[in-house]
Amino acid sequence: MTAQTAEQRDLTAVIGLEVHVQLETASKIFCGCSTDAEEDEAPNSRTCPVCLGLPGALPVLNEGAAEAAVKIGKALGSEIPEQTSFHRKNYYYPDLPKNFQITQYDAPICDGGELAFSVDGERRSVGIERAHLEEDPGSLSHAGGSIDTAEYTLVDYNRAGTPLMEIVTAPDFRSAAEARAFLAKLTEVLEYLGVFDATRNGSLRVDANLSIVEGVDDGEGFDEATLESANRTEVKNISSHKGAEKALAYEETRQKNAVKRGREVEQETRHWDESRGITVSMRSKEEEKDYRYFREADLPPLRVAGWKERIEIPELPDARRERFREEYGLDSESAAKLTSTKQVADFYERIAGSFDPDTAATWVADNLLGELNYRDMAITDVDDRLEEFTRLVELVDDDEITVKNAEEIVLRRMLDDGLAPEAIVDQEGLGKTGEDVVATAVDEAIDGNPDAVEDYHAGEDGALNFLVGQVMGKTQGSADPGTVNELLRERLDG
Ligand SMILES: [Zn+2]
């Protein structure tokens with residue numbers, strides 16, 4: 001066998017993610033400071049002795065953060081231990097007022113687990129190694145924009161102490177696209193749990209490890225020796241799903257090029273520069289021992305047994321999607337749209353009982369979500385108007401207004417003017433005219449236009465249209481043209 005050149009070898013990217021998500025709690029993880037950033041708040045205004053790390057200040061664990069962590073563990077199928085504890089991760093960096101971060105080292109609140117997702121129509125599942133609670137550091141703003149070119153840096157501790165969950169995956173991803181699809185699925189699950197808000201600024205940060213190994217993953221994964229054979233880089237400063245895909249695609253290409261040219265990939269930490277679309281070298285990668293982890297003596301161990309069993313989680317997106325298909329007979333596309341968020345799914349289920357499920361699906365998935373999206377609104381903005389919306393669909397279902405008027409006039413004005421559907425129907429005169437009114441108008445049109453009647457019987461095409469027009473005029477356009485057409489023919493041909 002001849003030796004293959006580097007060009008011909010199969011090279012595969014091995015990617016693992018550390019995902020930091022902000023937990024939705026009212027106050028910070030170890031103090032009473034609010035987690036809600038006021039617009040234009042002054043730097044360092046939302047702080048106290050605890051989150052500023054002043055001497056003698058003692059942390060107290062936020063119960064809501066611990067409960068959110070247990071929910072995440074249950075959703076990911078993690079082992080949740082009887083007891084967990086907190087540690088100090090020591091490092092010196094200006095965003096950390098205490099010079100250590102309170103985190104969990106060898107006793108994470110969630111151990112193991114997995115998460116399934118779809119990418120390019122294929123089902124994938126990725127292992128979760130662990131998930132643990134920790135506090136967020138403060139934020140640094142680099143004058144001039146970029147960390148490696150800034151003249152000076154300002155520090156703001158308003159973020160310091162924000163509760164985070166760090167979710168660490170196994171190195172199971174083989175492409176940047178997979179990592180992106182996983183992040184989308186993870187955030188969807190977290191939003192269903194009600195512990196995470198993707199619209200909150202800075203609520204998601206990702207560190208990604210990537211290395212290039214030789215060979216092809218046949219679905220069994222690579223063995224330990226192969227995984228250890230390559231140096232890997234850790235890419236920091238990723239804050240979106242799309243950013244993760246771009247940063248990893250860049251890093252994959254950079255490392256593959258190095259390997260193909262026979263150069264060694266440095267084991268290092270790199271910084272994702274979003275504006276330039278590249279990763280830049282920051283420092284050689286720290287090792288665990290550099291952090292001198294030890295137990296946080298200011299916080300007692302957290303006993304989880306006794307209350308973790310009582311923490312409930314809602315039906316998760318995949319299960320709900322499946323149930324929508326079975327219970328309501330929806331196609332995959334409608335089921336996916338209607339379960340895109342828990343709030344949309346709840347809204348649909350609250351009205352699905354009153355109508356044919358397909359009618360309800362069309363109204364929520366197509367009409368309502370479409371109009372909301374156009375107005376940059378969310379379903380939560382109209383949650384309290386569910387009854388009004390149900391009455392609108394009823395008006396159409398009972399044939400009292402036309403579908404077109406309901407969609408194009410009533411629904412839009414309900415959202416724009418905040419009016420009830422009946423009020424709009426009255427104001428706009430949209431009510432379909434009663435049968436006897438239409439019948440009378442038909443009689444009048446025939447009696448009043450003998451010439452047109454004669455033309456109709458003579459086979460002139462335009463005559464019937466003329467008579468329809470007369471009836472529509474008499475009913476101010478509220479009659480249904482099809483019905484008018486039918487009634488006229490009956491009378492004229494009868
Ligand atoms: Zn505080």
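Here the structure is a predicted model, which is why all the values come from computation and not from measurement.
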Less than 3.5 Å apart, which donor and acceptor atoms pair up between the side chains of residues 66-75 and the rest of the protein, not counting sequence neighbours?
residue: Lys74; atom: NZ; partner: Lys308; partner atom: O; Å: 2.7
residue: Lys74; atom: NZ; partner: Ile311; partner atom: O; Å: 2.8

#### Entry: Whether over 12 other heavy atoms sit under 6.0 Å from Asp120 CG
no
### Task
Output every pair passing salt bridge (Lys or Arg N to Asp or Glu O under 4.0 Å) with a member in residues 94-111, not counting sequence neighbours, ordered by first then second residue.
Lys98-Glu135
### Neighbour count >12 (heavy atoms, 6.0 Å) for atom CD, Glu41
yes
### Pair Arg254-Glu266, salt bridge (charged side-chain N to carboxylate O under 4.0 Å, His left out): steps then yes or no
CA-CA 11 Å; Arg254 189 187 72 83; Glu266 291 278 338; over 6 Å; no
### Task
Sequence neighbours left out, what pairs pass side-chain hydrogen bond (donor to acceptor under 3.5 Å, both in side chains) with at least one residue falling in residues 16-29?
His20-Glu166, Gln22-Arg159, Glu24-Arg200, Ser27-Asn62
### Spacing of Glu39 atom CD and Asp36 atom CG [to the nearest 0.5 Å]
12.0 Å
### Task
Could you list the residues that satisfy side chain to side chain donor-acceptor pair (under 3.5 Å) with Glu388, not counting sequence neighbours?
Arg385
### Message
Among Thr339, Leu368, Leu330, Ile379, which residue satisfies the side-chain contact (heavy atoms from CB on, under 4.5 Å) criterion with Tyr348?
### Response
Leu330
#### Entry: Residue among Leu190, Ile109, Val195 satisfying side-chain contact (heavy atoms from CB on, under 4.5 Å) with Met165
Ile109
### Task
Specify whether Tyr105 and Tyr293 have parallel, tilted or perpendicular ring planes, treating 30° as the upper limit for parallel and 60° as the lower limit for perpendicular.
parallel
### Query
Is Glu371 paired with Arg412 through a side-chain N to carboxylate O contact shorter than 4.0 Å?
yes
### Task
Among Leu76, Thr169, Val126, find the residue that satisfies the side-chain contact (heavy atoms from CB on, under 4.5 Å) test when tested with Leu186.
Leu76
## Note on the structure
Sorted by chain and number, sequence neighbours left out, side chain to side chain donor-acceptor pair (under 3.5 Å) with Asp217 holds for Arg174
### Summary
The side chain to side chain donor-acceptor pair (under 3.5 Å) partners of Lys242 (sequence neighbours excluded) come to none
### Message
Less than 3.5 Å apart, any donor N or O on the side chain of Asp331 or Ser334 sitting next to an acceptor on the other?
### Response
yes
### Task
Please say whether the positively charged group of Arg88, taken as NZ for Lys or CZ for Arg, lies over the ring of Phe100, i.e. under 6.0 angstrom from the six-membered ring centre and within 45 degrees of the axis.
yes
